J.: 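Next up is a structure, given as C-alpha cells.
Computed over heavy atoms, backbone and side chain alike; hydrogens, waters and symmetry mates excluded. From a predicted model like this one, the values you see are computed outputs, not experimental measurements.
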Amino acid sequence: MTRQVFFLPSVITHENKEIVLPSEVSHQILRVLRLSRGDVVELRDESGRSWKAEIVRVSKKLVQVALLEEVFYATESPLGVKLFLALARSDRIDLAVRQATELGVKEIILFPSARSSYRLEQPKIQDRILRWDKIAQEAVCQCRRMEVPRIFYKKDLEEVMTFVEGESEDILKIVASEMNGSYGMEIFLSAKVKPDTVAIAVGPEGGWTEEEMAIFESRKWIPVSLGPRILRYETAVVVMLSLCQFLWGDMK
C-alpha cells in the first residue's frame, strides 16, 4: 500500500530520533485515516527532505513517530518554471495553485490585472498566501515532489515586470494570449530553444487588455496562443505548463 505523506513546517534532521507530530497532522492520522502504532508513514519538511517513519506511540490527540530512514525521489523538474497568475475567483486560484504544484512549478506569483474580477485588500493578502502555501504543501505530498513552490504576491503588472527583470539568469518569457498575431508553441521547436528557466503569464478570465499586452511585448515577453478554443483559467494554466514541461522539462 502507498505510504501516506504528511508535511511538517519544521526541518527534520538525523538528530531527530523520535518526533511528536503537530496536532493537525496527528488528527489526520488518528481520526481521518485511522492509522495506529506500527503503521509506517512518510514525512516531508520545508527544506525538501523526506523521511520514512513508524508510529510508535499514540494518545487521544497526538502521535509520536520514530524516524526509520531518509528517502529520495527524482521528481523535481530540471526546468525552472515561474508562473505569473492574474487574480481570479478564489476557488479557481486554489485549483491552479494545486495543479501548478503537481506540474513542477518552482515559483507562483499572483497579481491583479486590469480585468481581474477578484481583488485582495491589504489585510487579507498574507492570509491568502498562507492558504495557497498550504494547498501547495498538500499537493507536494500527494505528487511526491521534494520541494514546495514559493508563492509571492505583487501589487500590479509593473511590479511583476520589475520582479522578473531583477532575476540574474536569462529567462524565456511567455504570455498566454488570445489576440491576433500570437505565435503557436511550435515556434520553439523550430528555433531549438532550450531554456533553463521559463516565466509563464496567464491572464484572468476576461483576458489581457491591449495596454497590458503592449507592456508584455515591450518587455520582450513572447505572446503565445493556446489554440482556437477559449479555455478556462485553470485549464490554460495546465496547458501552458504541460507544453513547457514537454518541450524542456521532464514530461517526455
J.: Answer yes if Leu79 and Val105 sit in the same cluster of Ile, Leu, Val, Met, Phe, Trp and Tyr residues linked by side chain heavy atoms under 4.5 Å apart, and no otherwise.
T.: yes
J.: Between Arg119 and Glu121, is a salt bridge (Lys or Arg N to Asp or Glu O under 4.0 Å) present by the stated rule, with each step listed?
T.: CA-CA 7 Å; Arg119 290 288 191 274; Glu121 300 300 327; over 6 Å; no
J.: Might you point out which heavy atoms bring Met185 and Cys244 nearest each other, and give the distance in Å?
T.: CE-SG, 4.0 Å
J.: Starting from the C-alpha separation in whole Å, work towards a yes-or-no answer on salt bridge (Lys or Arg N to Asp or Glu O under 4.0 Å) for Arg115 and Glu212.
T.: CA-CA 10 Å; Arg115 290 177 177 161; Glu212 286 172 327; over 6 Å; no
J.: Would a single hydrophobic cluster contain both Leu8 and Leu62, if residues Ile, Leu, Val, Met, Phe, Trp and Tyr are joined by side-chain heavy-atom contacts under 4.5 Å?
T.: no
J.: Side chains of residues 28-35: which donor-acceptor pairs under 3.5 Å do they make with residues two or more places apart or in other chains?
T.:
unit_1	atom_1	unit_2	atom_2	d
Arg31	NH2	Lys60	O	2.4
Arg34	NE	Arg31	O	3.4

J.: Hey, are Arg219 and Glu158 close enough for a salt bridge, meaning a charged N less than 4.0 Å from a carboxylate O?
T.: yes
J.: Are the side chains of Tyr233 and Leu85 in contact, using a 4.5 Å heavy-atom criterion?
T.: yes
J.: Spell out, yes or no, whether Val20 and Leu68 are grouped together once hydrophobic residues are joined by side-chain heavy atoms under 4.5 Å, including indirect joins.
T.: no
J.: Can a side-chain donor-acceptor contact be found between Arg128 and Ser90 if the only test is distance below 3.5 angstrom?
T.: yes
J.: Between Val193 and Val198, is there shared hydrophobic-cluster membership here, with clusters defined by ILVMFWY side-chain heavy atoms closer than 4.5 Å?
T.: yes
J.: Distance only, no hydrogens: is a donor on one side chain within 3.5 Å (strictly under) of an acceptor on the other, for Ser113 and Ser116?
T.: yes
J.: Please lay out, stage by stage, how Ser242 and Leu103 fare under the test side chain to side chain contact (heavy atoms under 4.5 Å, CB included).
T.: CA-CA 7 Å; Ser242 298; Leu103 288 166; 4.1 Å; yes
J.: Could you pull out the closest heavy-atom pair between Ala100 and Val237, with the gap in Å?
T.: CB-CG1, 4.5 Å
J.: Do any N or O atoms from the side chain of Asp39 and from the backbone of Ser36 form a donor-acceptor pair under 3.5 angstrom?
T.: yes
J.: Any side-chain heavy-atom pair from Lys82 and Lys106 closer than 4.5 angstrom?
T.: no
J.: Which pair of non-hydrogen atoms, one from Arg98 and one from Ala139, has the smallest distance, and what is that distance?
T.: O-CB, 3.9 Å
J.: Set out, in order, the CA-CA distance, both residues' side-chain angles and the distance that settles side chain to side chain contact (heavy atoms under 4.5 Å, CB included) for Val160 and Lys154, then state yes or no.
T.: CA-CA 6 Å; Val160 165; Lys154 300 300 176 183; 4.0 Å; yes
J.: Under 3.5 Å, is there a donor-acceptor pair linking the side chains of Arg44 and Ser50?
T.: yes
J.: When the ring planes of Trp221 and Phe84 are compared, do they come out parallel, tilted or perpendicular, using 30° and 60° as the limits?
T.: perpendicular
J.: According to a hydrophobic-cluster definition based on side-chain heavy atoms being under 4.5 Å apart (Ile, Leu, Val, Met, Phe, Trp, Tyr only), do Leu241 and Ile222 belong together?
T.: yes
